[in-house]
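All values below were derived from every heavy atom in this structure, side-chain atoms included, with hydrogens, water molecules and symmetry-related copies excluded. We name chains A, B, ... by the order of the sequence lines, and we start the count at 1 in each one.
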Number of protein chains: 2
Amino acid sequence: MKEKGLRDYEHPSVTADIVVFSVKDNDLKVLLIKRALKPFENKWAIPGGFLRMHESPEDAAHRELREETGVDSCYLEQLYTFGAVGRDPRGRVISIAYFALINSDDVSLRATTDAKDVKWFSVGKLPKLSFDHKEILDYALKRLRWKFEYTTIAFSLLSGKFPLSNLRRIYETVFDKKFDKRNFSKKILSLGIVKETSEIQQGVAFRPAQLYGFTGKVGDIIKMI
Amino acid sequence: MKEKGLRDYEHPSVTADIVVFSVKDNDLKVLLIKRALKPFENKWAIPGGFLRMHESPEDAAHRELREETGVDSCYLEQLYTFGAVGRDPRGRVISIAYFALINSDDVSLRATTDAKDVKWFSVGKLPKLSFDHKEILDYALKRLRWKFEYTTIAFSLLSGKFPLSNLRRIYETVFDKKFDKRNFSKKILSLGIVKETSEIQQGVAFRPAQLYGFTGKVGDIIKMI
DNA sequence: TGAATAGTGTCTTTCAGACAATATGCC
DNA sequence: GGCATATTGTCTGAAAGACACTATTCA
């Protein structure tokens, strides 16, 4: 039987879009761009762009992330593929959505040619979003909370040496509730992922904390909180 | 600035492919088709096909599933989108993979025009698969086990009234290990999802079991096993 | 010495998991 | 009676969660 060629079908367009989270000033932030192009010109959207023929969706997501933030490596996972028929006024567009978690200290935001502006928004105070990006962001937020609860991805927001209270504050920010210091330390230390270092915190106006460092890998599924 | 049209980019093709699981004869099965077309003609593959321009990926998955099995409604969730550059010899093809869980009693298998054969395979004895379908299937199997452990999707393999031992045997099949009857019943009944009915099992050559029915919805995330 | 945060231990409750003897229905 | 499966409760260990006082540094 004759091979049916790919040309026998119309093709949708495919984009990789990324929900980039960070924790800054004890607040959970999302990175948004102000679109320079129609449709939704001058409206806020999550960063992303069309998949090039020679790159995998993951590569496209990494490229977009690098273009907007300068960040080369960070926690990045595929979230979900959104493909409802009418989701883009330009025609049939499938969006492979990713979610990323970056340490905002590492970031130098820069608007690309497609964007007039790039900014961190508190997830509590989001502007109206383009396309179905609100739905994507809500889904990402659910996934984020779930991953924080059941894995150690939170640790990817820290680097080098840090006091345990930093980690606790990240959890408190993401879940918007307080955690007991003693129980939190007990839990984290029992995981064996962090280890006390010989250093203590510098330049704080109160008792400086012991600093901890990573000993192992991060990301396995376990019950965290 | 001028709107950049969708035509300014080359488009990949997009397929919806489905890993269909069922439990039959105390064995975990996967549905495979024997391809009628090149490439991989006469080789086994997971069912799927190109996305039509007027249908969502979910609709496409449902359509493919209906075409191969006659099943209209079942547990279906999006699994992952596979898009590595060289995954299809015909060119750039993005596969939105789904995983489905069906009760094989409800099924009447039928080969479509694209398939010479459709068959259930034990996950322990799979043939060599086309494309990257082995990778997709392995991923689906991981997700399946995970979902069985943390949600009540297993219940979607049962319908009407059933003895608890049926449910237990499904778990034993999927995890390939025995579960203690007492602990299992305790756990299941404590969920409040099933309720004793007034009926008992008929036509068995041993003590007939109490039949249970569903009282609520299935699928929430909880620790199951 | 006051302000801010660090550091530390015990008790209670809950849940998972191990474990075995009796009951029922069919042949 | 023999066979195959159903039904039922207790104990133990681990982990989560509630809870409060003392220590350290700086201004």
*What nucleic acid atoms does B/Ala209 come within less than 4.0 Å of, heavy atoms only: base, sugar-phosphate, or nothing?*
sugar-phosphate
_Out of the candidates B/Asp105, B/Leu101, B/Asn166, only one should pair with B/Leu157 under the side chain to side chain contact (heavy atoms under 4.5 Å, CB included) rule; please name it._
B/Leu101
*For A/Ser185 and C/dT8, is the shortest distance between a side-chain N/O and OP1 or OP2 below 4.0 Å?*
no
*asked:* Is there a side-chain contact between B/Ser165 and the phosphate of D/dT5, meaning an N or O under 4.0 Å from OP1 or OP2?
replied: no
*Mind listing the closest non-hydrogen atom pair of B/Gln78 and B/Arg143 along with its distance?*
O-NH1, 3.3 Å
*When you measure from the side chain of A/Arg182, which nucleotide among D/dG17, C/dT8, C/dA18 comes out closest?*
C/dT8
*Within this structure, what is the CD-to-C1' distance between A/Gln210 and D/dT25, rounded to whole angstrom?*
15 Å
*Is the number of heavy atoms from other residues, nucleotides or ligands within 6.0 Å of CG (B/Asp176) greater than 12?*
no
*Say whether, by atom type as modelled, one donor and one acceptor occur between the side chain of B/Thr151 and the main chain of B/Phe148 under 3.5 angstrom.*
no
*Which nucleotide in the set D/dA20, C/dA18, C/dG25 lies at the smallest distance from any side-chain heavy atom of B/Phe206?*
C/dG25
*Using atom CZ of A/Phe184 as one end and atom P of D/dC19 as the other, report the distance to the nearest whole Å.*
19 Å
*asked:* Heavy-atom nearest nucleotide on DNA chain C for A/Tyr212 versus B/Asn183: which residue maps closer to 5'?
replied: A/Tyr212
_Rounded to whole Å, please give me the gap between CG in B/Asn166 and P in D/dA6._
9 Å
*In whole angstroms, how far is the P atom of C/dG25 from the CD1 atom of B/Ile200?*
6 Å
*May I ask you to verify whether the side chain of B/Lys181 and the base of D/dT8 hold a donor-acceptor pair under 3.5 Å?*
no
*Quick one: are the ring centres of A/Phe162 and A/Phe214 less than 6.0 Å apart?*
yes
*Counting side-chain heavy atoms from CB outward, which of C/dT10, C/dG7, C/dA18 is closest to A/Arg207?*
C/dG7
*Whole Å only: how far is the NZ atom of B/Lys186 from the P atom of D/dT12?*
14 Å
*In whole angstrom, give the distance that lies between atom CD1 of A/Ile188 and atom P of C/dA6.*
15 Å
*Report the distance from atom CG of A/Leu167 to atom P of C/dA6, rounded to the nearest whole Å.*
13 Å
_In this structure, how many angstroms lie between the P atom of D/dA6 and the CD atom of B/Glu196, rounded?_
14 Å
*Look at all strands and tell whether A/Gln201 reaches a base, only sugar-phosphate, or nothing, counting heavy atoms closer than 4.0 Å.*
nothing
*Residue mapping more 5' on DNA chain D - nearest nucleotide basis, B/Ala205 or B/Asp180*: B/Ala205
*asked:* Under 4.0 Å from OP1 or OP2 of D/dA16: is there any side-chain N or O of A/Lys187 that close?
replied: yes
